[in-house]
Q: 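I'd like to ask some things about the structure below.
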Amino acid sequence: MIPRPFEYHAPRSLPDAIALLSRFGDEAKVLAGGHSLLPMMKLRFAEPAHLVDLGNIPELKGIRQVGNEIRIGAMTSENELIWSALLQDKVPLLVEGARLISDPQVRYKGTIGGDIAHGDPANDHPAMMLALGASFVLKGPDGERIVPADGFFLGTYHTALGIGEIMTEIRVPVPAAGTGWNYAKLKRKTGDFATAAAAVLLRMKGQTVAEVSIALTNVGPTALKARQAEDYLRGKALNDAAIAEAGRLAMSICEPVADLRGDVEYKTAMTGEMTQRALRMARSRATS
Ligand SMILES: Cc1cc2nc3c(=O)[nH]c(=O)nc-3n(C[C@H](O)[C@H](O)[C@H](O)COP(=O)(O)OP(=O)(O)OC[C@H]3O[C@@H](n4cnc5c(N)ncnc54)[C@H](O)[C@@H]3O)c2cc1C
(Lines give C-alpha, C1' and ligand atoms only; values in the text may rest on other atoms or scores of the structure.)
Protein backbone atom coordinates (compact mmCIF):
# COMPACT_ATOMS: atom_id res chain seq x y z
CA MET A 1 0.00 0.00 0.00
CA ILE A 2 2.95 2.33 -0.51
CA PRO A 3 3.18 4.14 -3.86
CA ARG A 4 6.30 4.19 -5.95
CA PRO A 5 8.46 7.27 -5.15
CA PHE A 6 7.42 10.32 -7.18
CA GLU A 7 8.29 13.98 -7.54
CA TYR A 8 5.59 16.44 -6.53
CA HIS A 9 5.04 19.66 -8.50
CA ALA A 10 2.70 22.49 -7.51
CA PRO A 11 2.47 24.96 -10.42
CA ARG A 12 0.71 28.28 -9.81
CA SER A 13 -0.58 28.83 -13.33
CA LEU A 14 -2.14 26.81 -16.11
CA PRO A 15 0.70 27.46 -18.59
CA ASP A 16 3.20 26.23 -15.96
CA ALA A 17 1.13 23.08 -15.39
CA ILE A 18 0.94 22.41 -19.12
CA ALA A 19 4.69 23.00 -19.47
CA LEU A 20 5.40 20.46 -16.70
CA LEU A 21 3.12 17.89 -18.30
CA SER A 22 4.78 18.43 -21.69
CA ARG A 23 8.21 18.05 -20.13
CA PHE A 24 7.45 14.77 -18.36
CA GLY A 25 5.07 13.23 -20.93
CA ASP A 26 3.52 9.92 -19.87
CA GLU A 27 5.72 9.84 -16.76
CA ALA A 28 3.48 12.56 -15.26
CA LYS A 29 -0.05 12.58 -13.93
CA VAL A 30 -2.31 15.40 -12.92
CA LEU A 31 -3.37 15.43 -9.26
CA ALA A 32 -6.79 16.92 -8.43
CA GLY A 33 -8.56 15.76 -5.25
CA GLY A 34 -6.53 12.55 -5.18
CA HIS A 35 -9.44 10.37 -4.12
CA SER A 36 -9.15 8.09 -7.14
CA LEU A 37 -5.53 8.61 -8.13
CA LEU A 38 -3.90 8.04 -4.73
CA PRO A 39 -5.66 4.70 -4.07
CA MET A 40 -4.56 3.58 -7.54
CA MET A 41 -0.98 4.65 -6.81
CA LYS A 42 -0.99 2.82 -3.48
CA LEU A 43 -2.14 -0.32 -5.26
CA ARG A 44 0.49 0.38 -7.94
CA PHE A 45 -2.11 0.36 -10.71
CA ALA A 46 -0.71 3.83 -11.47
CA GLU A 47 2.99 4.57 -11.03
CA PRO A 48 3.64 8.15 -12.18
CA ALA A 49 7.13 9.48 -11.55
CA HIS A 50 5.75 13.06 -11.41
CA LEU A 51 2.55 14.40 -9.91
CA VAL A 52 1.38 17.80 -11.12
CA ASP A 53 -0.99 19.21 -8.50
CA LEU A 54 -3.66 21.54 -9.93
CA GLY A 55 -4.70 22.75 -6.47
CA ASN A 56 -2.92 26.12 -6.63
CA ILE A 57 -4.40 27.35 -9.90
CA PRO A 58 -7.30 29.65 -9.01
CA GLU A 59 -8.71 29.86 -12.55
CA LEU A 60 -9.59 26.16 -12.41
CA LYS A 61 -12.19 26.75 -9.69
CA GLY A 62 -15.62 28.35 -9.67
CA ILE A 63 -19.09 28.23 -11.19
CA ARG A 64 -20.49 30.97 -13.41
CA GLN A 65 -23.13 31.53 -16.06
CA VAL A 66 -22.17 32.73 -19.53
CA GLY A 67 -25.20 33.20 -21.75
CA ASN A 68 -27.22 30.02 -21.63
CA GLU A 69 -24.36 27.93 -20.32
CA ILE A 70 -23.05 27.12 -16.85
CA ARG A 71 -19.25 26.93 -16.76
CA ILE A 72 -17.64 24.98 -13.95
CA GLY A 73 -13.90 25.00 -13.26
CA ALA A 74 -12.56 21.45 -13.29
CA MET A 75 -11.09 21.81 -9.77
CA THR A 76 -14.46 22.72 -8.25
CA SER A 77 -15.20 20.25 -5.44
CA GLU A 78 -18.36 18.20 -5.06
CA ASN A 79 -19.35 20.25 -2.01
CA GLU A 80 -18.92 23.48 -3.95
CA LEU A 81 -21.35 22.09 -6.54
CA ILE A 82 -23.82 21.20 -3.78
CA TRP A 83 -23.55 24.63 -2.13
CA SER A 84 -23.88 26.61 -5.38
CA ALA A 85 -27.07 28.70 -5.47
CA LEU A 86 -26.57 29.09 -9.24
CA LEU A 87 -26.55 25.32 -9.80
CA GLN A 88 -29.46 24.76 -7.41
CA ASP A 89 -31.43 27.20 -9.53
CA LYS A 90 -30.23 26.33 -13.05
CA VAL A 91 -28.96 22.73 -13.02
CA PRO A 92 -30.41 21.01 -9.94
CA LEU A 93 -29.65 17.58 -11.43
CA LEU A 94 -25.95 18.19 -10.73
CA VAL A 95 -26.62 19.18 -7.14
CA GLU A 96 -28.78 16.13 -6.57
CA GLY A 97 -26.18 13.82 -8.12
CA ALA A 98 -23.23 15.35 -6.26
CA ARG A 99 -25.05 14.86 -2.94
CA LEU A 100 -25.12 11.12 -3.66
CA ILE A 101 -21.38 10.84 -4.28
CA SER A 102 -19.59 8.95 -1.53
CA ASP A 103 -19.35 10.72 1.84
CA PRO A 104 -18.57 14.26 3.08
CA GLN A 105 -14.79 13.62 3.22
CA VAL A 106 -14.65 12.64 -0.43
CA ARG A 107 -16.95 15.51 -1.40
CA TYR A 108 -14.66 18.11 0.25
CA LYS A 109 -11.65 17.11 -1.82
CA GLY A 110 -12.97 15.24 -4.88
CA THR A 111 -13.42 17.46 -7.93
CA ILE A 112 -15.87 17.37 -10.81
CA GLY A 113 -12.97 17.40 -13.28
CA GLY A 114 -11.27 14.47 -11.57
CA ASP A 115 -14.50 12.51 -11.42
CA ILE A 116 -14.96 12.92 -15.19
CA ALA A 117 -11.30 12.66 -16.28
CA HIS A 118 -10.78 9.44 -14.33
CA GLY A 119 -13.02 7.61 -16.83
CA ASP A 120 -14.46 5.27 -14.21
CA PRO A 121 -17.92 4.04 -15.31
CA ALA A 122 -18.81 3.75 -11.61
CA ASN A 123 -18.43 7.51 -11.13
CA ASP A 124 -21.63 9.53 -11.14
CA HIS A 125 -20.72 12.65 -13.14
CA PRO A 126 -20.21 10.91 -16.52
CA ALA A 127 -23.88 9.88 -16.79
CA MET A 128 -25.03 13.29 -15.61
CA MET A 129 -22.78 14.92 -18.21
CA LEU A 130 -24.27 12.73 -20.95
CA ALA A 131 -27.81 13.49 -19.83
CA LEU A 132 -27.10 17.22 -19.69
CA GLY A 133 -25.35 17.36 -23.08
CA ALA A 134 -22.26 18.88 -21.44
CA SER A 135 -18.91 19.53 -23.09
CA PHE A 136 -15.38 19.72 -21.73
CA VAL A 137 -12.63 22.25 -22.36
CA LEU A 138 -9.27 20.50 -22.72
CA LYS A 139 -6.02 22.49 -22.82
CA GLY A 140 -2.59 21.19 -23.75
CA PRO A 141 0.62 22.09 -25.52
CA ASP A 142 -1.25 22.30 -28.85
CA GLY A 143 -3.90 24.71 -27.56
CA GLU A 144 -7.52 24.29 -26.59
CA ARG A 145 -10.28 21.99 -27.81
CA ILE A 146 -13.87 21.49 -26.71
CA VAL A 147 -15.08 17.89 -26.62
CA PRO A 148 -18.73 16.88 -26.12
CA ALA A 149 -19.39 14.47 -23.25
CA ASP A 150 -21.02 12.20 -25.84
CA GLY A 151 -17.81 10.78 -27.36
CA PHE A 152 -15.43 11.69 -24.52
CA PHE A 153 -15.74 8.38 -22.63
CA LEU A 154 -13.96 5.76 -24.72
CA GLY A 155 -13.73 2.82 -22.31
CA THR A 156 -13.07 1.98 -18.70
CA TYR A 157 -10.44 4.49 -17.45
CA HIS A 158 -10.05 5.61 -21.05
CA THR A 159 -11.17 9.05 -22.23
CA ALA A 160 -10.45 11.44 -25.08
CA LEU A 161 -7.91 13.31 -22.91
CA GLY A 162 -4.51 13.24 -24.61
CA ILE A 163 -1.16 12.99 -22.84
CA GLY A 164 -0.32 16.41 -21.42
CA GLU A 165 -3.88 17.71 -21.67
CA ILE A 166 -5.74 19.22 -18.74
CA MET A 167 -9.50 19.44 -18.43
CA THR A 168 -10.00 23.05 -17.42
CA GLU A 169 -13.75 23.58 -17.59
CA ILE A 170 -17.06 21.74 -17.80
CA ARG A 171 -19.76 23.49 -19.84
CA VAL A 172 -23.38 22.63 -19.21
CA PRO A 173 -26.26 24.04 -21.25
CA VAL A 174 -28.98 25.37 -18.93
CA PRO A 175 -31.99 23.05 -19.28
CA ALA A 176 -35.12 24.78 -20.63
CA ALA A 177 -37.57 26.19 -18.08
CA GLY A 178 -39.97 23.52 -16.86
CA THR A 179 -37.50 20.67 -17.32
CA GLY A 180 -37.87 17.92 -14.72
CA TRP A 181 -34.84 16.04 -13.45
CA ASN A 182 -33.72 13.18 -11.28
CA TYR A 183 -30.60 11.17 -10.50
CA ALA A 184 -31.80 7.85 -9.10
CA LYS A 185 -28.93 5.89 -7.55
CA LEU A 186 -29.01 2.53 -5.88
CA LYS A 187 -26.10 2.01 -3.51
CA ARG A 188 -25.54 -0.52 -0.78
CA LYS A 189 -24.51 2.04 1.84
CA THR A 190 -23.24 5.59 2.28
CA GLY A 191 -19.87 5.96 0.63
CA ASP A 192 -20.45 3.26 -1.95
CA PHE A 193 -20.46 3.56 -5.70
CA ALA A 194 -23.68 2.91 -7.62
CA THR A 195 -24.94 -0.62 -8.09
CA ALA A 196 -26.90 1.07 -10.88
CA ALA A 197 -28.08 4.64 -11.42
CA ALA A 198 -30.01 6.68 -13.97
CA ALA A 199 -29.87 10.39 -14.78
CA VAL A 200 -32.99 11.81 -16.41
CA LEU A 201 -33.97 15.21 -17.81
CA LEU A 202 -37.54 15.52 -19.04
CA ARG A 203 -39.70 18.16 -20.68
CA MET A 204 -43.43 17.56 -21.06
CA LYS A 205 -45.99 19.06 -23.43
CA GLY A 206 -49.23 18.41 -21.63
CA GLN A 207 -49.28 14.68 -20.93
CA THR A 208 -46.75 13.77 -23.63
CA VAL A 209 -42.98 13.78 -23.64
CA ALA A 210 -41.53 16.74 -25.55
CA GLU A 211 -37.86 15.95 -24.80
CA VAL A 212 -36.09 13.39 -22.68
CA SER A 213 -32.51 12.50 -21.93
CA ILE A 214 -31.49 9.35 -20.05
CA ALA A 215 -28.02 8.14 -19.09
CA LEU A 216 -26.87 5.21 -16.97
CA THR A 217 -24.07 4.69 -14.43
CA ASN A 218 -21.93 1.59 -13.79
CA VAL A 219 -23.62 -0.84 -16.13
CA GLY A 220 -21.13 -0.79 -19.00
CA PRO A 221 -17.51 0.04 -19.77
CA THR A 222 -18.52 3.72 -19.80
CA ALA A 223 -21.61 5.65 -18.76
CA LEU A 224 -24.31 4.83 -21.32
CA LYS A 225 -26.82 7.03 -23.12
CA ALA A 226 -30.11 5.14 -23.27
CA ARG A 227 -31.00 6.28 -26.79
CA GLN A 228 -33.58 3.58 -27.56
CA ALA A 229 -35.51 4.46 -24.42
CA GLU A 230 -35.33 8.17 -25.28
CA ASP A 231 -36.50 7.62 -28.88
CA TYR A 232 -39.35 5.43 -27.67
CA LEU A 233 -40.59 8.02 -25.17
CA ARG A 234 -40.53 11.16 -27.36
CA GLY A 235 -44.08 12.15 -28.28
CA LYS A 236 -45.62 9.45 -26.05
CA ALA A 237 -47.97 9.83 -23.12
CA LEU A 238 -45.85 9.16 -20.05
CA ASN A 239 -48.07 6.56 -18.40
CA ASP A 240 -47.04 3.49 -16.40
CA ALA A 241 -46.82 1.28 -19.49
CA ALA A 242 -44.53 3.73 -21.31
CA ILE A 243 -42.32 4.11 -18.24
CA ALA A 244 -42.06 0.34 -17.88
CA GLU A 245 -41.10 -0.04 -21.55
CA ALA A 246 -38.48 2.70 -21.24
CA GLY A 247 -37.04 0.80 -18.26
CA ARG A 248 -36.92 -2.36 -20.32
CA LEU A 249 -35.18 -0.56 -23.20
CA ALA A 250 -32.62 0.88 -20.79
CA MET A 251 -31.95 -2.64 -19.49
CA SER A 252 -31.39 -3.88 -23.04
CA ILE A 253 -28.17 -1.83 -23.42
CA CYS A 254 -26.63 -2.82 -20.07
CA GLU A 255 -23.40 -4.82 -19.93
CA PRO A 256 -22.54 -4.70 -16.23
CA VAL A 257 -19.66 -6.57 -14.64
CA ALA A 258 -20.62 -8.96 -11.83
CA ASP A 259 -19.01 -8.06 -8.50
CA LEU A 260 -19.86 -7.75 -4.81
CA ARG A 261 -22.65 -5.30 -5.69
CA GLY A 262 -24.50 -7.98 -7.62
CA ASP A 263 -24.56 -10.29 -10.59
CA VAL A 264 -25.29 -9.21 -14.14
CA GLU A 265 -29.00 -10.01 -13.90
CA TYR A 266 -29.51 -8.06 -10.69
CA LYS A 267 -27.61 -5.00 -11.90
CA THR A 268 -29.52 -5.03 -15.17
CA ALA A 269 -32.84 -5.29 -13.36
CA MET A 270 -31.86 -2.47 -11.01
CA THR A 271 -31.04 -0.29 -14.01
CA GLY A 272 -34.62 -0.74 -15.18
CA GLU A 273 -35.87 0.17 -11.71
CA MET A 274 -33.65 3.27 -11.46
CA THR A 275 -34.70 4.42 -14.93
CA GLN A 276 -38.37 4.08 -14.04
CA ARG A 277 -37.86 5.81 -10.70
CA ALA A 278 -35.98 8.70 -12.29
CA LEU A 279 -38.63 9.11 -15.00
CA ARG A 280 -41.43 9.27 -12.42
CA MET A 281 -39.61 11.81 -10.27
CA ALA A 282 -38.65 13.90 -13.31
CA ARG A 283 -42.29 13.83 -14.47
CA SER A 284 -43.56 15.12 -11.15
CA ARG A 285 -40.94 17.88 -11.17
CA ALA A 286 -41.63 18.78 -14.80
CA THR A 287 -45.33 19.16 -14.30
CA SER A 288 -45.42 20.65 -10.79
C1 LIG B 1 -14.45 5.80 -0.67
C2 LIG B 1 -14.73 6.46 -1.99
C3 LIG B 1 -16.00 6.43 -2.49
C4 LIG B 1 -16.30 7.04 -3.70
N5 LIG B 1 -17.59 7.02 -4.18
C6 LIG B 1 -17.88 7.66 -5.31
C7 LIG B 1 -19.21 7.69 -5.81
O8 LIG B 1 -20.14 7.16 -5.21
N9 LIG B 1 -19.43 8.37 -6.97
C10 LIG B 1 -18.45 9.00 -7.66
O11 LIG B 1 -18.73 9.59 -8.68
N12 LIG B 1 -17.18 8.97 -7.22
C13 LIG B 1 -16.88 8.33 -6.07
N14 LIG B 1 -15.58 8.30 -5.63
C15 LIG B 1 -14.55 8.90 -6.47
C16 LIG B 1 -14.36 10.35 -6.12
O17 LIG B 1 -15.49 11.09 -6.54
C18 LIG B 1 -13.09 10.93 -6.74
O19 LIG B 1 -12.86 12.11 -6.09
C20 LIG B 1 -13.12 11.14 -8.23
O21 LIG B 1 -13.26 9.93 -8.95
C22 LIG B 1 -11.80 11.72 -8.72
O23 LIG B 1 -11.73 13.07 -8.45
P24 LIG B 1 -10.46 13.67 -7.79
O25 LIG B 1 -10.60 15.15 -7.83
O26 LIG B 1 -10.22 13.05 -6.48
O27 LIG B 1 -9.33 13.26 -8.88
P28 LIG B 1 -7.93 12.52 -8.71
O29 LIG B 1 -8.07 11.29 -7.93
O30 LIG B 1 -6.89 13.49 -8.27
O31 LIG B 1 -7.66 12.17 -10.26
C32 LIG B 1 -8.34 11.13 -10.91
C33 LIG B 1 -7.78 10.96 -12.32
O34 LIG B 1 -8.17 12.03 -13.15
C35 LIG B 1 -7.03 12.76 -13.63
N36 LIG B 1 -7.41 14.17 -13.53
C37 LIG B 1 -7.94 14.79 -12.44
N38 LIG B 1 -8.26 16.06 -12.73
C39 LIG B 1 -7.92 16.26 -14.02
C40 LIG B 1 -8.01 17.37 -14.89
N41 LIG B 1 -8.54 18.54 -14.50
N42 LIG B 1 -7.57 17.23 -16.15
C43 LIG B 1 -7.04 16.05 -16.58
N44 LIG B 1 -6.94 14.95 -15.79
C45 LIG B 1 -7.36 15.06 -14.53
C46 LIG B 1 -5.88 12.35 -12.71
O47 LIG B 1 -4.62 12.44 -13.35
C48 LIG B 1 -6.26 10.92 -12.39
O49 LIG B 1 -5.87 10.08 -13.44
C50 LIG B 1 -15.27 7.70 -4.42
C51 LIG B 1 -13.98 7.74 -3.90
C52 LIG B 1 -13.69 7.13 -2.69
C53 LIG B 1 -12.30 7.20 -2.15
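Throughout, numbering of the chain's residues begins at 1 and tracks the sequence. In listed order, ligands and their atoms are each counted from 1.
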Q: Tell me which residues fall inside the under-4.0 Å heavy-atom shell around ligand 1.
A: K29, V30, L31, A32, G33, G34, H35, S36, L37, L54, A74, I101, S102, V106, G110, T111, G114, D115, A117, H118, N123, D124, L161, E165, I166, M167, K185, G191, D192, F193
Q: Is there a side-chain contact between V172 and L87 (heavy atoms, below 4.5 Å)?
A: no
Q: Please tabulate, for side-chain N and O atoms in residues 219-233, each donor-acceptor pair with protein atoms closer than 3.5 Å (sequence neighbours left out).
A:
| from | atom 1 | to | atom 2 | distance (Å) |
| --- | --- | --- | --- | --- |
| K225 | NZ | S213 | OG | 3.0 |
| K225 | NZ | E230 | OE1 | 3.3 |
| K225 | NZ | E230 | OE2 | 2.4 |
| R227 | NH1 | D150 | OD2 | 3.2 |
| R227 | NH2 | D150 | OD1 | 3.1 |
| R227 | NH2 | D150 | OD2 | 3.1 |
| E230 | OE2 | I214 | N | 2.7 |
| D231 | OD1 | R234 | NH1 | 2.8 |

Q: Could you walk me through whether Y157 and H118 satisfy the ring-ring contact (aromatic ring centres under 6.0 Å, His included) test, starting with their C-alpha distance in whole Å, then the side-chain angles of each, then the deciding distance to 0.1 Å, before giving a yes or no?
A: CA-CA 6 Å; Y157 304 124; H118 193 45; 5.2 Å; yes
Q: Regarding T217 and Y183, is there a side-chain donor-to-acceptor distance under 3.5 Å anywhere?
A: yes
Q: Just wondering, do R277 and L186 contact through their side chains at under 4.5 Å, heavy atoms?
A: no
Q: Do the non-hydrogen side-chain atoms of L94 and H125 ever get within less than 4.5 Å of each other?
A: yes
